[in-house]
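Quick note on labels: first sequence line is chain A, next is B, and so on, each numbered from 1. Hydrogens, waters and symmetry mates play no part in the numbers below; they use all other heavy atoms, side chains included.
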Number of protein chains: 2
Amino acid sequence: MFERELLKGSLGLMLMALIEQGPMYGYLIAKEIRALTDDVIDLKEGSLYPALHRLEKEGMIEGFWQRREDGVDRRYYRITAAGQAVLDERRAQWSRFSAAVSKVVSDAPSQ
Amino acid sequence: MFERELLKGSLGLMLMALIEQGPMYGYLIAKEIRALTDDVIDLKEGSLYPALHRLEKEGMIEGFWQRREDGVDRRYYRITAAGQAVLDERRAQWSRFSAAVSKVVSDAPSQ
DNA sequence: TTCTATACCTTGTATAACAAAGTATCCTTT
DNA sequence: AAAGGATACTTTGTTATACAAGGTATAGAA
């Protein structure tokens, strides 16, 4: 699949950008991304949860359990100071990178 | 490395977009991409040549050897009809995808 | 003679998205 | 009461691909 490969490298960035806005849990993040992108990006569980664990292990985000009234547990994440710094960096990198690809890809045919 | 993962999925697209403009060979493609992107994207040989072989095997591009006066051989590639169709598709997909990521990433913090 | 540029190739490694399976609760539909 | 779907999280194994690092070979400049 092609989409799958496009996603590599930008998923962590998207997760951090959403968590930056306030504590969020995995399932909600996936819904948010689908809503924001009109289903262009439909995150699978096998990508989402490992990615969150990865970011947590790297110290970019920190998770905490929160029990709902009905007894269901949710794992919320918030961004760390280190994560915020890396996020800023990666956001800039994404801008540079996507502009670079777009330039190569949509370069007018030589005439 | 982060850049490395960002590149996944968009490399084939860039190669095809450049080859679309006229027959090109690997080494020149790498130089073109560096020049166009101000070195933001610096393609390594271990990525470039396997990617070209992949595209050729998939029938997206076709290669042919051309001997220079000094005896050096170059492998030029041109895009195929099938490749052109796939390129158009992937170009559109890249637009959708990059816009989607940018939207999630630069979404204004809730205020 | 050594270095850089040109020009291609290949093997092995690391990473990460995802399919597919599992656990568990709640609510609605049949 | 049973079945299905949504919610919510987890894990194992597979697959794809960028790249490091090695190789071959020629030409020209330092």
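For the OP1/OP2 pair of dA17(C) and a distance below 4.0 Å, the side-chain nitrogens and oxygens of S47(A) include no atom meeting the criterion. Dashed line: the shortest gap from a side-chain N or O of R54(A) to OP1 or OP2 of dT15(C) is not under 4.0 Å.
In this structure, M24(B) atom CE and dC8(C) atom C1' are separated by 16 Å, rounded to whole Å. In this structure, I33(B) atom CD1 and dC19(D) atom P are separated by 11 Å, rounded to whole Å. Atom CD1 of I29(A) and atom P of dA17(C) are 14 Å apart (whole Å). To the nearest angstrom, C1' of dT25(C) lies 14 Å from CH2 of W65(A). The CD atom of E58(A) sits 7 Å away from the P atom of dA16(C) (whole-angstrom rounding). Whole-Å rounding puts the R67(B) CZ to dC8(C) C1' distance at 13 Å. Note: CG (L7(B)) to P (dT17(D)) measures 12 Å, nearest angstrom. As a whole-Å value, the separation of L6(A) CG from dT15(D) C1' is 16 Å.
Every residue two or more places apart in sequence or in another chain that forms a side-chain contact (heavy atoms from CB on, under 4.5 Å) with E45(B) is listed here: Y49(B). Qualifying ring pair (Phe, Tyr, Trp, His ring centres under 6.0 Å) partners for Y25(A), counting only residues two or more places apart in sequence or in other chains: Y76(A). Take D38(B) and apply the side chain to side chain donor-acceptor pair (under 3.5 Å) test, not counting sequence neighbours, and it matches no residue. Not counting sequence neighbours, K31(B) has no partner by the salt bridge (Lys or Arg N to Asp or Glu O under 4.0 Å) test. Looking at residues two or more places apart in sequence or on another chain, you find no side chain to side chain donor-acceptor pair (under 3.5 Å) involving D39(A).
Note that R78(A) lies in the cation-pi zone of F64(A), set by a 6.0 Å cut-off to the ring centre and a 45° limit from the axis.
From I33(A), atom CD1 reaches atom CG of L15(A) across 5.5 Å, with rounding to the nearest 0.5 Å.
Between the side chain of K8(A) and the base of dA16(C), at least one donor-acceptor pair of N or O atoms lies under 3.5 Å.
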Protein-nucleic acid N or O pairs under 3.5 Å, nucleotides 3-7 of chain C:
{"from": "dT6(C)", "atom 1": "OP1", "to": "K31(B)", "atom 2": "NZ", "distance (Å)": "3.3"}
{"from": "dT6(C)", "atom 1": "OP2", "to": "Y27(B)", "atom 2": "OH", "distance (Å)": "2.9"}
{"from": "dA7(C)", "atom 1": "OP1", "to": "R68(B)", "atom 2": "NH1", "distance (Å)": "2.9"}
{"from": "dA7(C)", "atom 1": "OP1", "to": "R74(B)", "atom 2": "NE", "distance (Å)": "2.6"}
{"from": "dA7(C)", "atom 1": "OP1", "to": "R74(B)", "atom 2": "NH2", "distance (Å)": "2.0"}
{"from": "dA7(C)", "atom 1": "OP2", "to": "Y25(B)", "atom 2": "OH", "distance (Å)": "2.8"}

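When distances run from any side-chain atom of H53(B) to the nucleotides dC19(D), dT10(C), dA17(C), the shortest one goes to dT10(C).
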